[in-house]
Each structure stands twice: as structure tokens, then as C-alpha cells.
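Encoded as C-alpha cells, the structure appears first; notes follow it.
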Amino acid sequence: MQNPFDNALNQIKRANEVKEFPKSLIEGLTHPDRQVRISIPVIMDDGSQKIFEGYRVEHNNKRGPYKGGIRFHQDVDMNELNALAFWMTLKCAVANIPMGGGKGGVTVDPKTLSKAELEKLSRGWVRLMAPLLGPEKDVPAPDVNTNGEIMSWMLDEYEKITGEMSGATFTGKPISNRGSEGREEATSMGGLYVFNSLKESLNLEGQLNVVVQGFGNVGGHAALLFEADGHKIIALSDSRGAITNEEGLDVKAVMEYKKENGSVVGFSNSKEISQTELLTLSCDVLIPSALENQITEENAKDVKARLILELANGPTTPEADDILFAKGIYVVPDILANSGGVTVSTFEWEQNLKNEKWTKEQVLEKLKLKIEKEAVNVLDYSRTNNTDLRRAAFIVAMERLLK
Ligand code: NAD
């Protein structure tokens, strides 16, 4: 698998070829401010002790506190987190929110842990990272295989250590525990707002066939929201496999089926296909919502979508970008397409700091206004400078970071 941080550095180099930035900015962005590695001891249910590797990368805080999710996955390593933290810095700048970039994680397959072990691991991560964290310093959130419940455990541990009420230290919390209305679906809702504000300019109007890779928080909500917006979801996948139905899948029913059976595979009224086939199905919109490096030099030539909306981080490699561009396939880059999540996380942070509670309508209206403006801004830059949307988004972000 390609090193995602190499891809991220390649992306910045490519943007810099369109508009040259001072070397000091490029070098600064190439080197994360701080990389922390920890060993988290956990007493397992059978009484044995196991040590897990944990990490936090604080990439850049020129525009605000470090901000970024915590990922629990067997493939997590420093390279992946460097890339994800780097993209957070760029994303917060393109979304124009007062946050910097960070990312954390633990190398673990959480499916192998009991709930009690998962809680001990989550609290252990916070015990060792606590000196770095805080509303003005570093504000984590959920990412792959973490959720509101884990944020609640983490916040509880942090408040025990500091002896202070400090809700704004974590975002993506449950609504019942100082979370924000609209946060759970914010990444996908932001993606839909971005898509809707660009579709006319990109000739993608009417009812469209949509394929979604990954059926977790982001992919699940994206499928529901695009379906509710009048589109047909013709294929879905998760880590165990993929399914398709040209007539359209009933997303809610697939969700219920997955809850009971652990996967989308086997859902009635659907045909099983391979995960690789899913990416090259004939469709209008392909929405990667799983992991990095999914659309690569190997399969990009076979992609038949008209537009790729990157709700995952880093799903397309730079080599694939060139192939897709040559084929006339639009790629709405992750740092714009999935910035709704961190935008509403910032709204959550703001509500916690001001001790306010905004309604869902208020949250989504603010998100819509903000993200649509930035989507059009990126499209305009790409058109004026005859470049792709990724380079345009990078340049918009880098101009703000430079200022
Ligand atoms: P999640 O853990 O809720 O879901 C991940 C999904 O991907 C699961 O359904 C899993 O089965 C599936 N998956 C894993 N490997 C796969 C494969 N090879 N093929 C198909 N499916 C596969 O995680 P999430 O929070 O939905 O995050 C998904 C992506 O979105 C990540 O790239 C994450 O960084 C990005 N993202 C998340 C947020 C957020 O708010 N949660 C915000 C911005 C970006």
C-alpha cells in the first residue's frame, strides 16, 4: 500500500506547481509540529496485560487549536496519521474555521476487544495524552471505529485528570453529553451541500445513480441523504464485501440488515459483487467513505463514475487523479467534500465554550451557508486557473495559511 503521507506531500507539490508559495510555508506543512507515540497497557478480560501502540500527530496550529479525529484500526501507524493530520490542517483552512490540524489513533482491530477492554483502551489513550489536550490546545473527535460513546469515555477520563469541566476538549460527543445537534450526519450532509452547490456547473442534474463505498457513520448517512434527495443508491459496501441493485437499494432496510448480520452482504434483493468491482461500476456519482488509497493507478482507468465525492480522507492517489482528470471525471477533494464534519465539530466546541445549545436547524443552516460558499470559491479558482478541484482547494487553503 502506498504511504499516504508521501501522497499528501505529492499533492502539495503539485498545487505549488500551479501557484508557487514561499518555501518556508511548504517546508512548515511538510513537517508536523509534534508526533507522539504512547504505549497503552490494558488489563484484558482474561486477566492478562496487553500493550497497545497509540499516537497523536499535531500537524499545525497556525489558525487555531490542533483538531482531528482518533482512529482505531489495525493498520494505523505514524505515516497514516501524519497524512490525516496534514489533511486536517488544509481542510480547516479551506473550510475557513479557526482550527489547526491533528489526528490520533491506536493500532488495534476493535472488533477483537470486548466493550470493557475498548473502554479501558480509550481511557488509557487519554491518560497518556492528557497534557497535550484542551479546548485551546488540541481537540480530538471520532474517526474510523470510534464514536460518541468513546468520546464520552475519553472526556470523562480527561475531566477526572484535570478536575475541570471541559466539554470543549472533545467533539462528536452524544447530544445527551454536551454534543451538538447535527454532528453525527454533518460530514455526509456537508458532502451533499457541496455536491448540490456544484452539480449545475458540472452538468450533473436530475436523478443520479450513486455508489457508496463504506457503510459506517459517513457512508451510511451519505447513502440515506442522497436517497432522500431523490437519487438512486445502486451499490454499497463495507469491510466484508459489496452489494448492488441497478433498480436502487432501500438504504434504511440495508442498515437494519447490517445491524443484525454485521455486514451488507446477503441483503435480499441485491447481488453480491467484489469490493473492487464496486469502484468501477457504471454510475454518476461514486462516494468513497472508507479508507485511503482506494482509487489508484491500477483501477482509475476503469472508473466509470462522472464525479467522485471524496467523503473518506485520501481515497484517491495523485497518479489516479491524473488519470481521472484526463478522462474528464471530476474529483471533489476530501479537504472540501468532507469538511462538514470538522465544521460542525467547531460549532460544537463553540457551543460548549459559550454554554449554548443550538437547534439542528441552526446548525445545518450555518453549515450550509459556510460550506456552499467555500465550494463555489474552490470551483471558481479551478475554472479561472484551469486546474483540478484538488489543486484549487489546496491553493485556497495555502493562501489562508500563508496569511
Ligand atoms: P466508520 O468506522 O464509521 O466506517 C468505516 C466504514 O468503512 C465501515 O463500514 C467499514 O466496514 C468500511 N470499510 C473498511 N474497509 C473497507 C473496504 N476495504 N471496502 C469497503 N468498506 C470498507 O468510519 P467513518 O467515521 O464513517 O469514516 C469513514 C471515512 O470518512 C474515513 O476516511 C474518515 O477519516 C473519513 N471522515 C470521517 C469523518 C467523521 O466525522 N466521522 C469526518 C471526515 C472524514
Side-chain angles (χ1 to χ4, degrees), residues 1 4 67-76 80-81 83-88 90-92 94-95 101-105 108-111 140-151 170-173 179-180 182-191 194 211-224 235-243 254-255 258-259 261-265 273-279 286-296 299 309-316 333-348 367 371:
M1 158 142 142
K67 181 93 195 77
I70 301 173
R71 178 173 292 196
F72 285 179
H73 193 273
Q74 57 275 20
D75 295 334
V76 161
E80 181 180 47
L81 296 176
L84 291 165
F86 165 94
W87 286 320
M88 285 306 294
L90 277 288
K91 188 183 305 181
C92 294
V94 90
K103 205 82 181 192
V108 60
D109 178 358
K111 289 193 189 111
D143 190 71
V144 172
N145 291 328
T146 55
N147 56 24
E149 186 175 34
I150 293 179
M151 293 307 109
F170 290 85
T171 61
K173 304 179 294 293
S180 175
R183 173 61 186 90
E184 208 180 288
E185 66 269 43
T187 306
S188 318
M189 190 60 104
V194 168
V211 169
V212 181
Q213 184 203 35
F215 200 53
N217 177 16
V218 173
H221 280 111
L224 281 175
L236 289 168
S237 69
D238 59 27
S239 60
R240 303 201 184 155
I243 55 169
V254 181
M255 229 165 223
K258 184 175 160 81
K259 224 177 253 167
N261 300 280
S263 171
V264 297
V265 177
I273 53 171
S274 71
Q275 286 162 326
T276 37
E277 269 175 274
L278 174 123
L279 296 171
L286 170 62
I287 309 184
S289 313
L291 299 168
E292 302 88 64
N293 290 336
Q294 301 301 304
I295 303 165
T296 64
N299 61 3
L309 184 70
E310 292 187 332
L311 294 191
N313 287 304
T316 313
D334 46 9
I335 62 168
L336 171 67
N338 71 31
S339 65
V342 72
T343 300
V344 175
S345 268
T346 305
F347 295 162
E348 181 177 338
L367 169 65
I371 207 165

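Just so we're clear, the structure is a prediction, and the values are computed from it rather than from any experiment. First listed ligand is number 1; within each ligand, the first listed atom is number 1.
Between Asn147 and Asn217, the side chains place no donor N or O within less than 3.5 Å of an acceptor N or O (distance only, hydrogens not considered). Remark: the Asp238 side chain and the Ser263 side chain contain an N/O donor-acceptor pair separated by less than 3.5 Å.
When every heavy atom of Leu311 is checked against every heavy atom of Gly191, the shortest pair comes out as CD2-CA, 3.9 Å.
Ser339 meets the side-chain hydrogen bond (donor to acceptor under 3.5 Å, both in side chains) test with no other residue; sequence neighbours excluded. Among residues two or more places apart in sequence or in another chain, the ring-ring contact (aromatic ring centres under 6.0 Å, His included) test is passed with Phe72 by none. A search for side-chain contact (heavy atoms from CB on, under 4.5 Å) contacts involving Gln294 returns Gln213, Leu279, Leu291, not counting sequence neighbours.
Residue-level contacts of ligand 1 at the 4.0 Å heavy-atom threshold are Arg71, Asp143, Val144, Asn145, Arg183, Thr187, Gln213, Gly214, Phe215, Gly216, Asn217, Val218, Ser237, Asp238, Ser239, Gln275, Ser289, Ala290, Leu291, Leu311, Ala312, Asn313, Asn338.
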